[in-house]
Amino acid sequence: MPLHLIFSRLRAIGPVTVGTGLERHGKRAYVAACGAPACGWSSDYETYAAAEIAARGHRCRVR
(Lines give C-alpha, C1' and ligand atoms only; values in the text may rest on other atoms or scores of the structure.)
Protein backbone atom coordinates (compact mmCIF):
# COMPACT_ATOMS: atom_id res chain seq x y z
CA MET A 1 0.00 0.00 0.00
CA PRO A 2 1.39 3.41 -0.92
CA LEU A 3 2.26 5.85 1.83
CA HIS A 4 0.61 8.84 0.14
CA LEU A 5 -2.97 7.78 0.97
CA ILE A 6 -5.10 10.41 2.68
CA PHE A 7 -7.83 8.86 4.79
CA SER A 8 -11.27 10.44 4.91
CA ARG A 9 -13.04 8.18 7.39
CA LEU A 10 -11.25 6.90 10.48
CA ARG A 11 -12.72 4.72 13.21
CA ALA A 12 -10.88 3.30 16.21
CA ILE A 13 -11.76 -0.20 17.39
CA GLY A 14 -9.59 -0.84 20.42
CA PRO A 15 -5.97 -0.25 19.41
CA VAL A 16 -6.82 -0.76 15.72
CA THR A 17 -7.78 2.11 13.41
CA VAL A 18 -9.87 1.42 10.31
CA GLY A 19 -9.57 3.98 7.53
CA THR A 20 -11.09 4.68 4.12
CA GLY A 21 -9.25 6.52 1.39
CA LEU A 22 -8.44 6.67 -2.31
CA GLU A 23 -5.42 4.99 -3.80
CA ARG A 24 -3.46 6.47 -6.70
CA HIS A 25 -5.81 5.09 -9.38
CA GLY A 26 -8.89 6.59 -7.72
CA LYS A 27 -10.14 3.29 -6.32
CA ARG A 28 -11.37 3.19 -2.72
CA ALA A 29 -9.05 1.46 -0.24
CA TYR A 30 -9.87 0.21 3.26
CA VAL A 31 -7.07 -0.28 5.77
CA ALA A 32 -6.93 -1.70 9.28
CA ALA A 33 -3.77 -0.87 11.25
CA CYS A 34 -2.82 -1.45 14.87
CA GLY A 35 -1.53 1.58 16.75
CA ALA A 36 0.05 -0.30 19.66
CA PRO A 37 3.78 0.35 20.11
CA ALA A 38 5.94 -2.32 18.42
CA CYS A 39 2.94 -4.24 16.97
CA GLY A 40 3.25 -3.22 13.32
CA TRP A 41 0.15 -5.10 12.09
CA SER A 42 -1.74 -3.63 9.15
CA SER A 43 -3.65 -4.91 6.16
CA ASP A 44 -5.77 -3.59 3.31
CA TYR A 45 -9.20 -4.91 2.29
CA GLU A 46 -11.73 -4.74 -0.54
CA THR A 47 -14.64 -3.66 1.71
CA TYR A 48 -15.05 -1.60 4.86
CA ALA A 49 -16.90 -4.48 6.55
CA ALA A 50 -13.95 -6.81 6.02
CA ALA A 51 -11.57 -4.26 7.54
CA GLU A 52 -13.89 -3.85 10.54
CA ILE A 53 -14.07 -7.61 11.12
CA ALA A 54 -10.29 -7.87 10.96
CA ALA A 55 -9.97 -5.00 13.45
CA ARG A 56 -12.35 -6.67 15.88
CA GLY A 57 -10.52 -10.00 15.58
CA HIS A 58 -6.99 -8.62 15.92
CA ARG A 59 -5.14 -9.60 19.08
CA CYS A 60 -1.81 -7.89 19.77
CA ARG A 61 0.98 -10.15 20.88
CA VAL A 62 2.81 -7.11 22.20
CA ARG A 63 1.69 -6.12 25.69
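We number each residue from 1, following the sequence as shown.
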For Trp41 and Val16, what are the C-alpha separation, side-chain angles and deciding distance, and is it a side chain to side chain contact (heavy atoms under 4.5 Å, CB included)? CA-CA 9 Å; Trp41 176 81; Val16 180; 3.9 Å; yes
Just verifying a value: how many Å separate Tyr30 OH and Tyr48 OH, rounded to the nearest 0.5 Å? 9.5 Å
Arg59 CZ to Cys39 SG distance, which is reported to the nearest 0.5 Å: 12.0 Å
Where is the tightest heavy-atom contact between Gly19 and Leu10, given as atom of each residue plus distance? CA-CD2, 3.7 Å
Sequence neighbours excluded, which residues qualify as salt bridge (charged side-chain N to carboxylate O under 4.0 Å, His left out) partners of Arg11? Glu52
Nearest 0.5 Å please: distance from the CZ atom of Arg28 over to the CG atom of Leu22. 6.0 Å
Nearest heavy atoms of Tyr45 and Ala32, plus distance in Å: CE1-CB, 4.1 Å
